[in-house]
Engineer: 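Starting off with a structure, shown below.
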Amino acid sequence: MDRKNAWNKYDDEGRERIFSFADSYKNFISECKTERECVKEAVRLAEESGYKNLFDVINNNERLEAGDKVYAVNKEKAIVLFSLGKEPMENGLNILGAHIDSPRLDIKQNPLYEDSGLVLMDTHYYGGIKKYQWVAMPMALHGIVALKDGTSVEICIGEKSDEPVVGISDLLIHLAAEQMNKKADKVIEGEDLNVLVGSMPAKRDNDGESADDLKSDVDAEDTNKDKASEKDAVKAHILSLLKERYGIEEEDFLSAELCVVPAGPARDYGIDRSMVIGYGHDDRVCAYPSLIAQLESENPEKTSVCILVDKEEIGSVGATGMHSRFFENMVAEVMDRSGQYSELKLRRALSNSNMLSSDVNSAYDPNYSNVNEKKNTAYFGKGVVFMKYTGSRGKSGSNDASAEYLGKLRKIMDDNDVAFQTAELGRVDLGGGGTIAYILANYGMNVIDSGVGVQNMHAPYEVISKVDLYEAYLSYKAFLKDA
Ligand code: MN
Ligand code: MN
């Protein structure tokens, strides 16, 4: 049984719509490379669509009713949005979920050091990566530095075309005889993912004093120490630039979250422009269309919900991951504000819900065809992917969606002319993966893994098909309307 090619559904006008949706998506993922940036943009788009901050609603003791739209942000790294439906919430919610964290390199808390006139920053990688892929390419620094006075400084270096980038070196092939014999997971080791950020000492004036030191208000004693030590002159210069541009000092790295991510925008891929290459399609290629479908859900029958969470790449842990009680608490708050809350009704709302837990799937790649079983593989161009189960070694750790729920979804997709395919992640016993699906399924709700096929998953640049992105968006809209 073969699934149809989704492109064939579309005439010129239809293809135009797909390309224009992909353009908006490219802008989103080019601007928003961290969970914090995604949340900030989601709030902006939500407010533009008439969403109110749930915490304002609570503080002002306002009531909510059908047709109202609210959002709640969890520690700047996760967000949940509600478009209140006509039916009581205890009948169940229609929930879209995706994650907005992506694999990357996090700057350590004490990162800066100078070695032979070069200044580097130590990193600890985040999520599962092939480390050898993250070297010898332009990288950008994104994140925040929290100061002791309670304010934060936002940092983004390396995205505009006239801004500098940073990066991690690789060994020249000429001297790589030993390296080339190493196993792939040892070619570049985690502790060697050090980012080069500078190589120039501060300019000296005629008295032999650093001109930058005179300008900056670095503590005089430190300045003298730095001058005395030629060895740290480059690091001192970097610190003085950071002080001048961002008002931060070396100790402020202790309370910073800085991420090293591939620099530059997402781009069209293929001579026919049918695909997009970019950083972090996993999982913003599901988060973005979920968010847009949610924002377009007005006066639904059942309450529409969109959850965008952090920390999926490291196990959905922590206060901002899916395991956090934040989502459940916010459902309770919305029920309370709309006069529907009781502990029992909350539990009913959750267990009666339907969810599309969206995450990327591995798209068939002719270069690596042997990792798939071809009948049960996701393909570029065949639409949104439903994965009944994920897991590894006998479905272990998987949310195995029920046949009945899949039956219901097939009808919704067919009724709304959405192209979909079914798949599992690779051949049996070859590997596997997990998502946030099983966590929500703990409430007893219907959950299925769905999403978009990706090539090069977890590489600095991943690839998706524009029509699959568009079909995902259509599937989310159909789901919120009809589930
Ligand atoms: Mn993912
Ligand atoms: Mn992932």
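As a basis for the values below, the full set of heavy atoms in this structure was taken, side chains included, without hydrogen atoms, waters or symmetry mates. Residue numbers start at 1 and run along the sequence shown. Just follow the structure's listing: the first ligand is 1, and inside any ligand the first atom is 1.
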Engineer: For Asp282, what is the atom name of its N, O or S atom nearest to the Mn ion (ligand 1)?
Structural biologist: OD1
Engineer: Would you call Glu154 and Lys40 a salt bridge, taking side-chain N to carboxylate O under 4.0 Å as the test?
Structural biologist: yes
Engineer: Can you tell me which N/O/S atom of Glu313 has the shortest distance to the Mn ion (ligand 2)?
Structural biologist: OE2
Engineer: Examine all N, O or S atoms of Asp359, backbone included, and report whether one is under 2.8 Å from the Mn ion (ligand 2).
Structural biologist: no
Engineer: For residues Asp282 and Ser102, is any side-chain donor paired with an opposing acceptor at under 3.5 Å?
Structural biologist: no
Engineer: Can you tell whether the side chains of Asp23 and Lys26 come within less than 4.0 Å, N to carboxylate O?
Structural biologist: yes
Engineer: Got an N, O or S from Glu312 under 2.8 Å of the Mn ion (ligand 1)?
Structural biologist: no
Engineer: Is the distance between the ring centroids of Tyr25 and His281 less than 6.0 Å?
Structural biologist: yes
Engineer: Decide, counting backbone as well as side-chain atoms, whether His99 has an N, O or S atom less than 2.8 Å from the Mn ion (ligand 2).
Structural biologist: no
Engineer: Of all N, O or S atoms in His458, which has the smallest distance to the Mn ion (ligand 2)?
Structural biologist: NE2
Engineer: Go through it in stages, so that I can follow the logic: the residues are Tyr71 and Tyr51, the test is ring pair (Phe, Tyr, Trp, His ring centres under 6.0 Å), and I'd like the CA-CA distance, side-chain angles, deciding distance and then a yes or no.
Structural biologist: CA-CA 6 Å; Tyr71 70 86; Tyr51 276 73; 7.1 Å; no
